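Below, all heavy atoms of this structure are taken into account, side chains as well, without hydrogens, waters or symmetry copies. Predicted, not measured: the structure shown is a model, and the values here were computed from it.
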Amino acid sequence: MSPLTRRTLLVGGTALPLAVSASVGRAAATEPGEPTEVHWLEGGVPAEMTGVTWGVPWSKGHVRPDQSFGLRTPDGTAVPVQTWPIGFWPDGSLKWSAHAIGAGTPSAERYLLAPGPAAAPAKAVTVSRQAGRIVVDTGVVRCVINRSGRALIDSVSRGGRVVARKGELVCLRQNASDERGGKDERFTGEVHKVTVEQNGPVRAVVRIEGKHRAERRARAWLPFTVRLYFHAGAENFRMVHSFVFDGKAVDDFIRGLGVRFQVPLSDEPHNRHVRFASADGGLFTEAVRGITGLRRDPGAAVRAAQVAGRATPAVSTWDTRVSSRLHLIPAWGDYTLSQLTADGFEIRKRTRQGCGWVHAAAGTRAGGFGYIGGVSGGFAFGLRDFWQTHPTQLDIRGAAGESAEVTLWLWSPDARPMDLRFYHDGMGMDTHPEQLEGLEITYEDYEPGFGDPYGIARTSELMFWALDATPSAERLAAQAATVRTPPLLVTTPQRMRAAGVFGDWSPVDRSTPAKAVLEDRLDFLFDFYRRQVEQRRWYGFWDYGDVMHTYDNDRHEWRYDVGGYAWDNSELSTDLWLWYSYLRSGRADVFRMAEAMTRHTGEVDVYHLGKYADLGTRHGVQHWADSAKQLRISTAANRRFLYFLTADERVGDLLRDLVDADKTFLALDPLRKIRTEPYEPDPKALAVGLGTDWGALAAAWFTEWERGGDPIARTKLLNTCTAIGALKNGFITGEGRYDLTTGTFATDTVKVSVSHLSAVFGLAEICSEIISAADVPGFERAWLQYCTLYNATAAEQIAAVGQSFGNLNLKQAHARLTAYAAASTGDPALAARAWTELGRGEAGYPANSPWRSTRITGPAVLNPVDEATWVSTNATAQYGLAAIQCLALVGDRMP
């Protein structure tokens, strides 16, 4: 076959009809032109309207790909909105649209979206190019972005006044661990490329790429991607900051990593104000030079104005016992808020460098929000998930001078240096037999050199305001709340289901006692994990978003230090369980937990550079520790939800990176330790598993096809689907010889090889969507055969393919495959079998599980915790997905 090119869009030389087959369990489509209601995820109305972006699904064949949309409040008030397509059905119709509204949007608890003309904003956001710069103007704030150099942002101004300037990325590197007495080195972000991704009228996006460069030598490292988001009429902008660690764990210790601005100040020190927020809505409020609590009183009006952040009366009107001695009152120029753990922050201050620090305040959790400015204006700033991603820090320096320096530290320089070294010395496991022995005892798949953090990443979200005066306490609290929980518009589970997206699921249904019991169990499992995140303190810069794998009943603790039983790293589709739980319920707490997990697992658990690029790391004590680097962890199946629901460009980057992940088989054989036959990577004969491997590739290709991207992805997807259908035993073959140059499998392999892991990393979900999208009858038959036979009797398996599958595991998880077969064939016996498999709970939770937790207190545990000793993350995720899909597919035949 000829190599794939962008024009090779045929499958086996024949054009495929698309969008013919209907998915099982599909709900009725919405009517074209019918308004879609969207509401705020957390309910109510946000206190601060800063600009919002969200995604909406549409039924197949109903909406043109170039359709414009209008937005209005329930009373008919038109709302300016910007729309762009982010997903398409195979017939070319619109599947997902993204929408953005600006800061001046009329407040309402809900809005109505419908095809039609869009209202224009009163103040459109504009983007213009000047010599070496890009200028974005929201109508309120003007931001000048440099296209090269070491300052990303030249200036942020409002009303002709510069509020902030020299926005830059900063890094402190320590060249050795603390025990070796390392020395610090300073790096600054250097801009290499700037791209305008959107230019209004409601939303503008500018992408900046570069590396951190040393101040005194040529080394450049820590590649970054920063996106700046601007909305019409807004006095703020948002920053999404992503970086990749490309250093050596034994030599490169990040001492501090942050974003820094210079803030010009012109007001008198007693009219300059510092604000910090706590996570519970409280504020730390001080003036740079305080005039309250003095031995002499300047006057009640003066004190009240300063406390409120308003301009004080003229100094000439003050009590002269104060005004004549104003220069003798200390001006506190430097402030630091450091959050070194999830449970404690401290604020300290000093007058200037070289003078001692004074303790100012302390608390449990800071809100990651601050302000420096005066009565003529100032700069507010915030870092999302501040205490959750500790150690973090906010610094203000030089507030008593002409310009203050503000630094938002993603990694606090007050903390211990970031130490990414492997956590043990190998313990003599130098050969594969020794490593397999280690796997037998700690479940860790160790291999020298594989526990390398080179290529892992992290993304942080920040917000900045250019203000014309010091805001009131109420306004500052609203801004801090926006940083902590950015508002998001969503539609209802019923509307999502009616659009027919994301495969087989159904909204929460308690219409019968049996269904109510099942729904209560699903709620119990989620609520248990939500509490565990807090009680077990699953927080930290590299950890937040993940959960633990398996429990240790004896220690009343999760096995955080036991090899492969520690961090979950998406094992058995925890991400999918959370996302489908959100789709069904619309619960904000489920969404936020799924969002945090997607941010983590797509960045930290996946390599973005180096020899393991596009591969993820199996579960372990450190997220990068295990030697099993596989596509089942990096799979796009786990990221698609957040992208389509929010149109997040960073998640879109991660999805697109995986389109060429088939090349990873040239770099690393995922079965190298257990393969019995010689394996020589060759583009014409790659060994690719038809379960976790192909399922991950298919998810990336399918998503790229949905997004209307590289047509080669669609070709590879449909070529391999056709080839799987042509295999004598279809999916039961287990593995195929994949030709990287043509994107298809050889079809002459005949064998039986079934793994309990094949269908539990997103394969079941993505196959259902593929079958709904493309008419490939052989593929559909192959998948239906696999679904029918996995939990079948040995006799049924032998009759179908000539041999039994052996003693397979995770039978409860595969109940959803049986349910799929039942819905596809209409076979009531299969439906009954699915419910029996779910209730029996083999390698899962039987119907008689306790479904409750116990509160553990006293000397056996450090802090009181809820414990359900029968719970494990793998079983939870798979039980949840099996129950969700059984309800969707055969819920009408529930016993």
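- Judged by distance alone, with hydrogens and angles left aside, the side-chain atoms of Thr470 form a donor-acceptor pair with the main-chain N or O of Gly374 at under 3.5 Å.
- Between Asp184 and Arg173, none of the side-chain N atoms (NZ, or NE/NH1/NH2) sits under 4.0 Å from a carboxylate O, so this pair counts as no salt bridge.
- A side-chain hydrogen bond (donor to acceptor under 3.5 Å, both in side chains) with Glu405 is found for one member of Arg397, Gln262, Lys166 and no other, namely Gln262.
- Within 6.0 Å of atom CZ in Arg186, 12 or fewer heavy atoms from other residues, nucleotides or ligands are found, so the atom counts as exposed in its surroundings.
- The distance between the ring centers of Phe224 and Phe243 does not fall below 6.0 angstrom.
- Proximity of a side-chain donor or acceptor of Gln82 to a complementary backbone N or O of Val202 within less than 3.5 Å is detected.
- Separation of the Trp387 and Phe345 ring centroids does not fall under the 6.0 Å cut-off.
- Using a 4.0 Å cut-off between charged side-chain N and carboxylate O, Arg255 and Glu185 make no salt bridge.
- Taking the charged nitrogens against the carboxylate oxygens, Glu649 and Arg203 do have a contact shorter than 4.0 Å, which makes a salt bridge.
- Electrostatic pairing of Lys349 and Glu286 counts as a salt bridge here, judged by a charged N lying under 4.0 Å from a carboxylate O.
- For Phe464 and Phe261, the distance between ring centers is under 6.0 angstrom.
- Relative orientation of the Phe369 and Trp465 rings is perpendicular, given thresholds of 30° and 60° on the angle between their planes.
- At a threshold of 4.0 Å, the pair Arg365-Asp343 counts as salt-bridged, since one of the basic side-chain nitrogens sits closer than that to a carboxylate oxygen.
- Of the listed residues (His241, Arg207, His608), just one forms a side-chain contact (heavy atoms from CB on, under 4.5 Å) with Thr225, and that residue is Arg207.
- Under a 4.0 Å N-O distance rule, the pair Asp414/Arg348 qualifies as a salt bridge.
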